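Starting from 1, each residue takes its place in the sequence as its number. Since the model is a prediction, treat every value here as computed from it, not as a measurement.
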Amino acid sequence: MSNQLQNTSSLSTAGTWNLLDVRNSSPVRTAELRPLPVSPWDIALCVTGTLISCENAIVIAILFYTPTLRAPMFILIGSLAFADLLAGLGLILNFVFIYMLNTEFVTLISVGLLIAAFSASVLNILAITVDRYLSLYNALTYHTERTVTFTYVMVVLIWLVCIILGLLPVLGWNCLRDEASCSICRPVTKNNAVVLAVTFLLVFALMMQLYLQICKIAFRHAQQIAVQHQFMAISTTKGVSTLSVILCTFAACWMPFAMYSIVADSSYPMIYTYATVLPATCNSVINPIIYAYRNPDIQKSLWLACCGCVPSNFSLRPRTSSDV
């Protein structure tokens, strides 16, 4: 994303070399004493990537080393954690490549990894939303229809789509030969960026519709259980509040970047791109908290791994996919 700024800096630095070579016969170049300045925005993205990687690596380790966490819900959570882990590693590698190994091929690989990882993150969140909806809508047949094999097939399809999206820049769908067609995230073309942004808006609209249906079903269930009416009312209200937080967080992180990708191009100031990209990456910081660390089974495994015990006041109530 900061390639354009660095290319300009490199050209000016090269001009400085030529001028100094004429005036000074010393074999030591000034550029060796004055390295390329590092953008604070790139540092922030690298730090965010490190935090993302650490958070999601813990989630993956817990799911991998806990045999009881093999239900379809945990497969989807693991796929989301793996996508966010790749996104975090992609941000770190992007920082390293920009300042240490800035070539066209490496740039395409880095951008492709980020596109695939963040696309997988968004699609896995959609899959988790669909899973929660089906667990309420088909409550009686959910556990027979939603087999582990079916979930694995869905995860594989998600990753195939995302890998194809990530390979597009490497296969020629880039703007390296036509700078005028670049989007705010070089070397992604403007048309490709618009398609990805519109797809995200459609995914968000579908998520919002599914969560509205989840709320309707939850309220209907609460009204049907007259004996536990007061308890269910409190529980349902808490669930609706949680859903609102999930949707608002997702929209606040991704919506600015998606809208800016549609209206802007490479001629816009880079600071606006950074200001919209950073919140989008922060969504991968929040995902483990929302979808993994709130789960009692994962919390129990984390307590056992860290302390070797479970607190006496810890709730062992089983958590299902319908829990929000």
Could you pull out the closest heavy-atom pair between A87 and S284, with the gap in Å?
-> CB-OG, 4.4 Å

Could you tell me whether a side-chain N or O of T107 sits under 3.5 Å from a main-chain N or O of T103, the two making a donor and an acceptor?
-> yes

Hey, is the main chain of V188 close enough, under 3.5 Å, to the side chain of S183 for a donor-acceptor pair?
-> yes

Would the Y272 and Y268 ring centres measure less than 6.0 Å apart?
-> no

Quick one: do E55 and I289 satisfy side chain to side chain contact (heavy atoms under 4.5 Å, CB included)? Show the steps, please.
-> CA-CA 9 Å; E55 279 187 319; I289 300 173; 4.1 Å; yes

Short side-chain to backbone donor-acceptor contact, S135 and R132, under 3.5 Å | yes

Between Y291 and V59, is a side chain to side chain contact (heavy atoms under 4.5 Å, CB included) present by the stated rule, with each step listed?
-> CA-CA 10 Å; Y291 298 101; V59 175; over 6 Å; no

Hey, any chance L134 and I158 share a hydrophobic cluster, counting ILVMFWY side chains that come within less than 4.5 Å of each other, even indirectly?
-> yes

Non-neighbouring partners of L278 that pass side-chain contact (heavy atoms from CB on, under 4.5 Å), sequence neighbours left out | W41, A44, L45, T48, T281

List the steps and the verdict of side chain to side chain contact (heavy atoms under 4.5 Å, CB included) for M208 and Q213.
-> CA-CA 9 Å; M208 189 164 56; Q213 294 300 320; over 6 Å; no

Could you give me the CA-CA distance, side-chain angles and deciding distance for F257 and Y274, then say whether ring pair (Phe, Tyr, Trp, His ring centres under 6.0 Å) is met?
-> CA-CA 9 Å; F257 179 68; Y274 280 119; over 10 Å; no

Say whether L206 and L136 are linked into one hydrophobic cluster, either directly or through other cluster members, by side-chain heavy-atom distances under 4.5 angstrom.
-> yes

Among L101, N94, L93, the one residue meeting side chain to side chain contact (heavy atoms under 4.5 Å, CB included) with V106 = L101

Closest heavy-atom pair, S79 versus N124, reported as atoms and distance to 0.1 Å, is OG-OD1, 2.7 Å

Decide whether L165 and L108 are clustered together by the hydrophobic rule: side chain heavy atoms of Ile, Leu, Val, Met, Phe, Trp, Tyr closer than 4.5 Å, transitively.
-> no

If you round to the nearest 0.5 Å, how far is OH of Y137 from CG of L210?
-> 12.0 Å

Minimum heavy-atom distance between Y260 and P269, given as atom pair plus value | OH-O, 3.8 Å

Does the side chain of S267 pick up a donor-acceptor pair with the side chain of D265 at under 3.5 Å?
-> yes

Looking at OH of Y211 and CG of L243, how far apart are the two atoms once the value is rounded to the nearest 0.5 Å?
-> 6.0 Å

Checking I77, D84, L76 against L80 for side chain to side chain contact (heavy atoms under 4.5 Å, CB included), the one that qualifies is D84

For T68, does its backbone N or O pair with a side-chain atom of T66 as donor and acceptor, under 3.5 Å?
-> no

Would you say K190's side chain and I184's backbone share a donor-acceptor pair under 3.5 angstrom?
-> no

What's the verdict on side chain to side chain contact (heavy atoms under 4.5 Å, CB included) for C185 and V111, showing C-alpha distance, side-chain angles and the deciding distance?
-> CA-CA 9 Å; C185 294; V111 170; over 6 Å; no

N56 side chain to I52 main-chain N or O, any donor-acceptor pair under 3.5 Å?
-> yes

If you measure from CD1 on I290 to CG on N283, what distance do you get to the nearest 0.5 Å?
-> 7.0 Å

Identify the heavy atoms of G88 and S53 that sit nearest to each other, and give their distance.
-> C-OG, 3.3 Å

Counting only N and O atoms by type, is there a donor-acceptor contact under 3.5 Å from the side chain of R186 to the main-chain atoms of C182?
-> no

What pairs meet the ring pair (Phe, Tyr, Trp, His ring centres under 6.0 Å) rule with one or both residues in residues 155-182, with sequence neighbours excluded?
-> F82-W159

So how far is it from I98 CD1 to S110 OG, rounded to the nearest 0.5 Å?
-> 7.0 Å

Decide whether L201 and F118 are clustered together by the hydrophobic rule: side chain heavy atoms of Ile, Leu, Val, Met, Phe, Trp, Tyr closer than 4.5 Å, transitively.
-> yes

Of all heavy-atom pairs between S261 and V194, which one has the smallest distance, and what is that distance?
-> O-CG2, 4.1 Å

Do you know the tightest heavy-atom contact between V148 and R70?
-> CG2-O, 3.8 Å

Near L171 CG, under 6.0 Å, is it more than 12 heavy atoms from other residues, nucleotides or ligands?
-> yes

Sub-6.0 Å ring centroid separation between F97 and F105 | no

Applying side-chain contact (heavy atoms from CB on, under 4.5 Å) to I58 and not counting sequence neighbours gives I62, Y293, L302

Are any non-hydrogen side-chain atoms of F250 and V122 less than 4.5 angstrom apart?
-> yes

Spell out, as yes or no, whether a donor-acceptor pair under 3.5 Å connects the side chain of R294 to the backbone of Q299.
-> no

Which class fits the ring pair Y99 and F95: parallel under 30°, tilted 30 to 60°, perpendicular over 60°?
-> tilted

Heavy-atom donor-acceptor pair, T199 side chain to V195 backbone, under 3.5 Å = yes

Ignoring hydrogens and angles, tell me if any N or O in the side chain of S119 forms a donor-acceptor pair with the backbone of I115 under 3.5 Å.
-> yes

Measuring from M259:CE to W254:CH2, what's the distance to the nearest 0.5 Å?
-> 15.0 Å

Interatomic distance, CD1@I246 vs CE@M207, rounded to 0.5 Å, equals 8.0 Å

Any link between M154 and L157 through a network of hydrophobic side chains (Ile, Leu, Val, Met, Phe, Trp, Tyr) touching at under 4.5 Å?
-> no

